[in-house]
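Both backbone and side-chain heavy atoms feed into the values below; hydrogens, waters and symmetry mates do not.
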Amino acid sequence: MDLDERKKIILKAIIKTYLETGEPVGSRTISKYTDLNLSSATIRNEMSDLEEMGYILQPHTSAGRIPSDKGYRLYVDELMQEKEQEVTEIKELMIEKTDRLEKVLKQVVRVLASNTNYATMITGPTYHQTKLKFIQLSRVAENQVLAVIVAEGNLMKNQLIDLEEAIDDEQVLKLNLLLNTQLNGLTLGEISLDMIQKMKQQAGIHSKVISQVVDTVAEAIQGDEEDMPIYTSGATNIFKYPELADKSRASQLISALEDKKELVDMLKETSEDGDEAGTGIQIYIGKESPIQTMSDCSVVTASYDLGEGMKGTIGIIGPKRMDYENVVDNLKTLKVQLDSIFKKKDEPGT
């Protein structure tokens, strides 16, 4: 007897429902959760065939069915095949998207420096409140698994995990089901210690894998701020203003603009401050600046949002007598352009 598409859909519905409830699944439940528009009687017949083929079991005298190891195996093999294809597509998409984003951000700071005659900078986007999409564990050796974590925005992280105990394919299967059932769709803040502890208990001798996977999820979602890209332009514009052109003062400013870590820290700090007007634009005058060497300058920053939790910050540095109206107008225009460019291009059919 062949396992046709209809039987596969019903089997997947049984497995997903059982994973959610832990209770044997009946035909009436399946009829509500599939788009096959089949009667309960037809679904019962299909379930009988699936039982005869060994994909589901009828525990005790219950009318409901639960998946067998054979059923789990088919489900996970197909799931992993789908996810491997998705991982490949995501890698290709991210290479293309990262390259496109870098070109756009470099162009943004050049245009901004030209339009304002000040020094400009912009960070690449970081991820905020990003949700986990899926986890894929693959057995590499008896005592090693590869964890692929994919988060919202198609952010991906790979991590090799060394195990104290040997693991087989069936145990990897169960860990995949456990992790994906419990964590998919959650942000990092929604993964509680109680949830982790319960998963560890269910994982048995491989409880340590749960901690390592959660740590990898945190790394994937939070990212490494030290590696945050930052692009600058127009540093020599400061020599156009006498009050900043003094040799020692100009040297300090140029050094500050070349210190990537200090700039990232400043833009990160300003992005967390918020602004009273709700425009996403903030102005720091003189000693209000987060960087001491910029105490003779004004710093204007704006946040931008690429969607799916990806946000970054734009900054402009100039004299305290800067043309604030022109700077704010330019930042507002760029915010709108950045917010729309990627959202429009990444929408289906564009």
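Between A147 and L137, the shortest heavy-atom distance links the atoms CB-CD2, 3.5 Å. Closest approach of I161 to Q212, counting heavy atoms only: CG2-OE1, 3.0 Å. Minimum heavy-atom separation, A119 to A235: CB-CA, 4.2 Å. Contact detail for I14 and V25: the closest heavy-atom pair is O-CG2, 3.7 Å. Of all heavy-atom pairs spanning C297 and L244, the tightest one is SG-CD2, 3.9 Å. A pairwise comparison of heavy atoms in G318 and Y118 identifies CA-CD2, 3.9 Å as the closest pair.
At a threshold of 4.5 Å between non-hydrogen side-chain atoms, the residues S27 and M47 count as touching. With contacts defined as side-chain heavy-atom distances shorter than 4.5 Å, the pair R65/L57 does not qualify. Residues Q159 and L146 have side chains not in contact (no heavy-atom distance under 4.5 Å, counting atoms from C-beta outward). By the 4.5 Å heavy-atom criterion applied to side chains, Q282 and V300 are not counted as neighbours. F134 has its side chain out of reach of I149: every pair of non-hydrogen atoms, C-beta onward, lies at least 4.5 Å apart. Proximity of L74 to L3: side-chain heavy atoms (C-beta onward) are separated by under 4.5 Å at one or more points. The closest side-chain heavy-atom distance from I316 to L331 is below 4.5 Å. Between I167 and V172, the closest side-chain pair of non-hydrogen atoms falls below 4.5 Å.
Under a 3.5 Å cut-off, the side chain of Q171 and the backbone N or O of D168 do form a donor-acceptor pair. A donor-acceptor pair under 3.5 Å is formed between the side chain of T116 and the backbone N or O of L112. No donor-acceptor distance shorter than 3.5 angstrom exists from the side chain of T313 to the backbone of A302, with no hydrogens or angles considered. The backbone N or O of S251 lies less than 3.5 Å from a partner atom in the side chain of S255, making a donor-acceptor pair. Side-chain atoms of N184 come within 3.5 Å of backbone atoms of K133 as a donor-acceptor pair (strictly under, hydrogens ignored). In terms of modelled atom types and a separation under 3.5 Å, the side chain of E288 and the main chain of I285 share a donor-acceptor contact.
Clustering ILVMFWY residues whenever any of their side-chain heavy atoms sit less than 4.5 angstrom apart, transitively, puts I254 in the very cluster that holds I230. Residues V111 and I314 fall into different hydrophobic clusters, defined by Ile, Leu, Val, Met, Phe, Trp and Tyr side chains chained together at heavy-atom separations under 4.5 Å. I205 and L179 fall into different hydrophobic clusters, defined by Ile, Leu, Val, Met, Phe, Trp and Tyr side-chain heavy atoms under 4.5 Å apart, directly or through other members.
A donor and an acceptor atom, one from each side chain of K240 and N117, are located under 3.5 Å apart. Of the N and O atoms on the side chains of S298 and Y324, at least one donor lies less than 3.5 Å from an acceptor on the other residue. Judged purely by distance below 3.5 Å, without hydrogens or angles, the side chains of N326 and N330 pair a donor atom with an acceptor atom.
Both tests hold for K70 against Y55: distance to the six-membered ring centre under 6.0 Å, angle to the ring axis within 45°.
If you take OH on Y72 and CG on N176, they are separated by 13.0 Å, rounding to the nearest 0.5 Å. Atom-to-atom distance recorded for I238:CD1 and M294:CE is 9.0 Å, nearest 0.5 angstrom. Of the inter-residue distances, the one linking L173 atom CG with Y75 atom OH reads 10.0 Å to the nearest 0.5 angstrom. Note that CD1 of I135 and CG of L175 are 10.5 Å apart. Values are rounded to the nearest 0.5 Å.
Applying the side chain to side chain donor-acceptor pair (under 3.5 Å) rule to E46 yields the partners R6, K7; only residues at least two apart in sequence or on another chain are considered. The side chain to side chain donor-acceptor pair (under 3.5 Å) check on E243 picks up R321, with sequence neighbours excluded. Residues satisfying the side chain to side chain donor-acceptor pair (under 3.5 Å) test with S211, not counting sequence neighbours, are K200.
Ion pairing between a basic and an acidic side chain is recognised when a charged N comes within 4.0 Å of a carboxylate O; K198 and D194 show such pairing. Ion pairing between a basic and an acidic side chain is recognised when a charged N comes within 4.0 Å of a carboxylate O; K208 and E165 show no such pairing.
Within 6.0 Å of atom CZ in R110, more than 12 heavy atoms from other residues, nucleotides or ligands are found, so the atom counts as buried in its surroundings.
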